[in-house]
**Q** 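Could you have a look at this structure, given as structure tokens, before my questions?
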Amino acid sequence: MSFADVEEGDELPAEDLFLSKDLVRAYAAACGITWARFTDDEGARREGLPGMITPGNMSMGLIASRLERWAGPGSLRRLGTTFRGLVLPDRTIRLCAVVTQKHDEAQCVEIDVWMESDEGERLVIGTATVKLA
């Protein structure tokens, strides 16, 4: 993506992703995360949760990957997120973003990002800075 081709208010094409329990378990295993809330429905229920949940750092990673698919590898300079709801696996999530500000000298853009449930609830919200060529 070229800096010259981006305008404030531009929406990145939303991406839908089916977040399977197997994918969440594989991520947890790769990261050495062993808490039941991320690997087992019954274990998560014993903790008072409705079932398995997705690790927050996985949600951030999915958002970061989405931004880099749009802008190119190594383009993400900053990502900050707030977790507003449980990201439950075996559902489709949507990764969304909109350009909110351009910085001409730095050739960077500020972007509002969010992950929403298949019902449209914003589960993770945040802001990012992305460097464009």
Side-chain angles (χ1 to χ4, degrees):
M1 180 57 57
S2 163
F3 184 79
D5 294 334
V6 175
E7 298 298 329
E8 292 178 7
D10 285 354
E11 292 185 20
L12 281 64
E15 285 188 5
D16 290 344
L17 170 71
F18 182 75
L19 193 59
S20 71
K21 288 181 181 178
D22 287 341
L23 182 63
V24 173
R25 286 185 188 111
Y27 178 87
C31 294
I33 299 172
T34 58
W35 294 294
R37 72 184 75 158
F38 304 122
T39 60
D40 175 66
D41 283 325
E42 287 307 312
R45 286 187 193 101
R46 284 192 295 275
E47 293 185 38
L49 296 165
M52 270 179 65
I53 62 172
T54 303
N57 53 351
M58 182 177 183
S59 295
M60 288 182 70
L62 292 170
I63 291 170
S65 293
R66 168 65 192 106
L67 292 171
E68 289 211 340
R69 279 192 299 280
W70 174 73
S75 59
L76 183 62
R77 297 295 185 259
R78 181 192 58 79
L79 174 62
T81 57
T82 300
F83 301 95
R84 301 181 66 176
L86 298 175
V87 180
L88 302 172
D90 274 352
R91 292 170 171 79
T92 298
I93 57 163
R94 176 167 283 156
L95 303 170
C96 305
V98 62
V99 176
T100 57
Q101 191 173 16
K102 287 181 74 171
H103 301 290
D104 292 329
E105 287 182 30
Q107 299 275 299
C108 288
V109 293
E110 299 296 324
I111 300 176
D112 283 353
V113 297
W114 65 95
M115 175 186 290
E116 61 186 35
S117 69
D118 50 4
E119 294 94 22
E121 178 186 1
R122 290 188 181 187
L123 304 170
V124 182
I125 62 172
T127 59
T129 304
V130 176
K131 173 83 170 158
L132 298 174

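Computed over heavy atoms, backbone and side chain alike; hydrogens, waters and symmetry mates excluded. What you see is a predicted model; the values in this text were computed from it and never measured.
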**Q** Could you tell me the separation between the OG1 atom of T100 and the CD1 atom of I111, rounded to the nearest 0.5 Å?
**A** 7.5 Å
**Q** Show your reasoning for whether side-chain contact (heavy atoms from CB on, under 4.5 Å) applies to V124 and L62.
**A** CA-CA 11 Å; V124 182; L62 292 170; over 6 Å; no
**Q** So D90 and L88, side-chain contact (heavy atoms from CB on, under 4.5 Å) or not? Walk me through it.
**A** CA-CA 7 Å; D90 274 352; L88 302 172; over 6 Å; no
**Q** When you measure from the side chain of R69 to the backbone of L67, do you find a donor-acceptor pair of N or O atoms at a distance under 3.5 Å?
**A** no
**Q** Using atom types as modelled and distance alone, determine if a side-chain donor or acceptor of E68 lies under 3.5 Å from a backbone N or O of G74.
**A** yes
**Q** When you compare the side chain of L86 with that of P50, does any pair of heavy atoms fall below 4.5 Å?
**A** yes
**Q** Mind listing the closest non-hydrogen atom pair of A128 and L79 along with its distance?
**A** CB-CD1, 4.0 Å
**Q** Can you name the closest pair of heavy atoms from G43 and A36 and give their distance?
**A** CA-CB, 3.7 Å
**Q** Working to the nearest 0.5 Å, report the span between CG of L19 and OH of Y27.
**A** 11.5 Å
**Q** Could you go step by step and tell me if R66 and M115 meet the side-chain contact (heavy atoms from CB on, under 4.5 Å) rule?
**A** CA-CA 11 Å; R66 168 65 192 106; M115 175 186 290; over 6 Å; no
**Q** So how far is it from R91 CZ to L17 CG, rounded to the nearest 0.5 Å?
**A** 14.0 Å
**Q** Please determine whether residues I53 and F18 belong to a single hydrophobic cluster, defined as Ile, Leu, Val, Met, Phe, Trp and Tyr linked transitively by side-chain heavy-atom distances below 4.5 Å.
**A** no
**Q** Go through the side-chain N and O atoms of R77 and T129 and say whether any donor and acceptor fall under 3.5 Å apart.
**A** no
**Q** Can a donor-acceptor pair be found, under 3.5 Å and without considering hydrogens, that links the side chain of T54 to the backbone of V87?
**A** yes
**Q** Residues sharing I125's hydrophobic cluster, by side-chain heavy-atom contacts under 4.5 Å among ILVMFWY, directly or via others?
**A** V98, W114
**Q** Any chance you could measure F38, atom CZ, to M58, atom CE, to the nearest 0.5 Å?
**A** 11.0 Å
**Q** Please examine the side chains of V24 and P55, heavy atoms only from C-beta on, and report whether any two atoms are closer than 4.5 Å.
**A** yes
**Q** Mind checking what makes side chain to side chain contact (heavy atoms under 4.5 Å, CB included) contact with E121, not counting sequence neighbours?
**A** S117, L123
**Q** Once you round to the nearest 0.5 Å, how far does CZ of R37 lie from CG of L49?
**A** 6.5 Å
**Q** From the options Q101, R78, K102, select the one residue that forms a side chain to side chain donor-acceptor pair (under 3.5 Å) with E110.
**A** R78
**Q** Taking R84 first and then E116, would you say they form a salt bridge - that is, a charged N and a carboxylate O separated by under 4.0 Å?
**A** no
**Q** Enter the distance from M52:CE to E42:CD here, rounded to the nearest 0.5 Å.
**A** 12.5 Å
**Q** I'd like to check H103 versus F3 (side-chain heavy atoms, cut-off strictly below 4.5 Å). Are they in contact?
**A** no
